[in-house]
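Scroll down for the structure; my scribbles are underneath it.
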2 protein chains.
Amino acid sequence: MRAESRKEEIINAASILFKEKGYSAVTMRDLAKAMGIKAASLYNHIQSKQEILATIIIDLAEMFTNGMNQIVNSDENTIQKLEKIIDLHIDVTLRNADGLASLNNDWMHLEEENLQYFEKMRQEYEENFRDIVKKGVARNEIKSFNIEIIVFSTLSTLRTLYLWYPKQRNIEAEMLKHDMVSVLLKGIV
Amino acid sequence: MRAESRKEEIINAASILFKEKGYSAVTMRDLAKAMGIKAASLYNHIQSKQEILATIIIDLAEMFTNGMNQIVNSDENTIQKLEKIIDLHIDVTLRNADGLASLNNDWMHLEEENLQYFEKMRQEYEENFRDIVKKGVARNEIKSFNIEIIVFSTLSTLRTLYLWYPKQRNIEAEMLKHDMVSVLLKGIV
DNA sequence: GTAAGAAACTAACAATTGTTAGTTTTGTTT
DNA sequence: AAACAAAACTAACAATTGTTAGTTTCTTAC
């Protein structure tokens with residue numbers, strides 16, 4: 001396992017604090033205390049509080065974007081693509097559940113270019129998702145409910161995984177993937 | 001339509017700002033500007049910033065608690081109860097979508113008694129939900145996937161409605177209820 | 001038109017914020 | 001042991017925060 005750089009340690013500590021109280025409510029003194037140093041010392045490793053937030057969010061958003069691009073460019077059927085999207089969310093959640101809190105709740109505190117970049121990625125992600133569902137309905141692979149409702153309902157669950165999965169001690173990733181596919185696609189009744 | 005008191009106007013304006021930036025990032029001067037007055041003038045109507053947050057969140061949490069208690073104490077079957085829970089979330093969302101942002105994202109900034117009261121209500125709500133699903137599985141009204149996954153998945157979608165529904169111009173409440181029941185209970189495949 | 005309450009205002013406060021400058025300590029390499 | 005970089009420190013800053021005190025203005029009822 002690669003040794004973490006001091007900067008990475010700070011970003012990980014920040015992810016946890018941001019998850020607990022949100023970006024705006026966490027002060028640099030809070031973060032320093034969590035690291036066992038003084039606030040001014042943080043600036044030997046990072047440029048600003050904003051840089052921390054941007055690093056957390058943009059890295060994660062790019063993971064989703066890259067994952068979705070691979071899925072879109074594959075020649076699988078709709079159900080297989082949806083299964084891969086579920087896999088993608090579970091994988092990213094397992095890798096960085098703390099950071100996903102910032103992506104979901106604090107993206108609006110990004111500044112200028114990073115905010116625009118993030119919003120563009122998010123919009124394209126949702127459009128790719130919607131197109132997959134739309135084609136699925138057109139090909140009768142998916143029931144023809146309102147498309148927006150299907151997209152919203154599925155995406156809500158996947159986006160909120162970060163809040164829930166870390167609390168579950170006895171659910172394996174494979175079991176989660178399997179049951180999640182079933183629940184989201186085939187229903188519970 | 002009943003005339004809004006000045007205090008209610010302030011709380012509604014605060015709900016919108018809290019939704020956009022979160023409780024911690026909204027200053028009393030931001031709120032005053034949105035009301036067209038100076039920050040100090042707010043204190044003729046409210047006691048503190050914290051009181052505003054507590055009012056928004058506790059009122060909504062009590063709506064959910066009361067709604068859930070009615071459902072639990074009814075003698076309907078599992079599917080009917082789940083449908084009523086979906087109805088409840090849609091109704092509360094339609095009534096106060098802005099406030100739900102605070103309930104979902106800023107509850108941890110409540111202080112002392114209100115924080116405890118909220119956490120108690122939330123925990124009981126989730127337990128009631130879980131019990132309904134559990135009974136449904138035991139009676140073979142619901143497929144026997146992992147219960148936690150079913151509860152999490154359904155609740156995630158319902159809790160996130162506030163983010164999504166206000167943006168939909170051409171979805172009627174009745175149509176939303178119908179398709180949401182179908183998607184969540186019967187699946188999309 | 002005056003009394004009274006509601007609702008706005010100005011001015012200021014003490015505390016906290018992110019950040020910088022300059023200095024000292026720690027740890028490693030020669 | 002000397003040299004050097006990494007990483008910590010102290011002290012302070014200008015701006016912003018929620019809130020209070022005291023005062024003025026607006027609205028309504030008699």
Side-chain angles (χ1 to χ4, degrees), chain A residues 2-58 101-102 105-115, chain B residues 2-58 101-102 105-115:
Chain A
R2 196 174 65 80
E4 251 180 344
S5 77
R6 203 77 176 118
K7 180 167 180 172
E8 286 170 330
E9 288 180 44
I10 291 173
I11 288 170
N12 287 336
S15 298
I16 293 171
L17 294 180
F18 292 171
K19 176 181 178 178
E20 289 168 352
K21 306 170 53 179
Y23 174 74
S24 303
V26 174
T27 70
M28 296 303 277
R29 286 165 181 82
D30 291 336
L31 178 54
K33 188 168 254 178
M35 293 288 299
I37 59 178
K38 299 285 168 163
S41 306
L42 293 169
Y43 289 84
N44 285 320
H45 309 283
I46 52 112
Q47 290 190 9
S48 65
K49 190 185 179 190
Q50 173 69 203
E51 186 205 12
I52 299 175
L53 183 70
T55 303
I56 294 172
I57 293 181
I58 300 295
S102 299
N105 302 320
D106 284 320
W107 59 266
M108 73 285 285
H109 298 117
L110 291 174
E111 288 170 0
E112 296 301 331
E113 306 117 22
N114 278 326
L115 178 58
Chain B
R2 196 175 65 80
E4 252 180 342
S5 77
R6 203 77 177 117
K7 181 168 182 173
E8 285 170 331
E9 285 180 48
I10 291 173
I11 288 171
N12 286 337
S15 298
I16 293 171
L17 293 180
F18 292 170
K19 176 181 179 177
E20 287 168 354
K21 306 171 55 181
Y23 174 74
S24 302
V26 174
T27 71
M28 295 303 277
R29 286 165 180 82
D30 291 337
L31 178 54
K33 190 169 252 176
M35 293 288 300
I37 60 179
K38 299 286 169 164
S41 306
L42 293 169
Y43 288 83
N44 285 319
H45 308 282
I46 53 116
Q47 290 188 9
S48 65
K49 191 186 179 190
Q50 173 70 202
E51 185 204 14
I52 298 176
L53 183 69
T55 303
I56 294 171
I57 293 181
I58 299 295
S102 299
N105 302 319
D106 284 320
W107 58 267
M108 72 286 283
H109 298 117
L110 290 174
E111 288 170 359
E112 297 302 332
E113 306 119 21
N114 278 327
L115 178 58

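Only this structure's heavy atoms are used, side chains among them; waters, hydrogens and symmetry mates stay out. Residue numbers start from 1 in every chain, and the chains themselves are labelled A, B, ... in the order their sequence lines are given, proteins ahead of strands.
When distances are taken from the side chain of A:I37 to each of D:dT17, D:dA12, D:dC9, the shortest belongs to D:dC9. Checking C:dT17, C:dA12, C:dT19 against every side-chain atom of B:R29, the shortest atom distance belongs to C:dA12. Checked against C:dT10, D:dT19, C:dT19, the side chain of B:K38 finds its nearest nucleotide in C:dT10.
Rounded to whole Å, the distance from NZ on A:K33 to C1' on D:dC9 is 16 Å. As a whole-Å value, the separation of A:M28 CE from D:dC9 C1' is 16 Å. Straight-line distance from the CG atom of B:L31 to the P atom of D:dT19: 11 Å, rounded to whole Å. Distance, A:Q50 CD to C:dT17 C1': 15 Å, rounded to whole Å. In this structure, the NZ atom of B:K7 is 14 Å from the P atom of C:dA6, given to the nearest Å. Taking atom CG of residue A:D30 and atom P of nucleotide C:dT19, one finds them 14 Å apart after rounding to whole Å. In this structure, the CD atom of B:Q47 is 14 Å from the C1' atom of D:dG18, given to the nearest Å. Residue A:Y43 contributes atom OH, which lies 15 Å from atom P of D:dC9 at whole-angstrom precision.
Applying the 4.0 Å criterion to OP1 and OP2 of D:dA8, one finds that A:H45 has a side-chain N or O inside that range. A:R6 has a side-chain polar atom (N or O) that falls below the 4.0 Å cut-off from OP1 or OP2 of D:dA8. B:S41 has a side-chain polar atom (N or O) that falls below the 4.0 Å cut-off from OP1 or OP2 of C:dC9. Phosphate proximity of D:dG18 to B:K49: present, with a side-chain N or O under 4.0 Å from OP1 or OP2.
Nearest heavy atoms, B:L115 versus B:W107: CD1-O, 3.6 Å.
Remark: the backbone N or O of B:S5 is not paired with any side-chain donor or acceptor of B:H45 at under 3.5 angstrom.
Rounded to the nearest 0.5 angstrom, B:L110 CG and B:I58 CD1 are separated by 5.5 Å.
Between the side chain of B:N44 and the base of C:dA6, no donor-acceptor pair under 3.5 Å is found.
For the pair B:M35/B:E9, a side-chain contact is recorded, criterion being any heavy-atom separation below 4.5 Å from C-beta on. For the pair A:R6 and A:I37, the minimum side-chain heavy-atom distance is below 4.5 Å.
Across the interface with DNA chain D, nearest-nucleotide mapping of A:G36 and B:A39 shows A:G36 to be the residue nearer the 5′ end.
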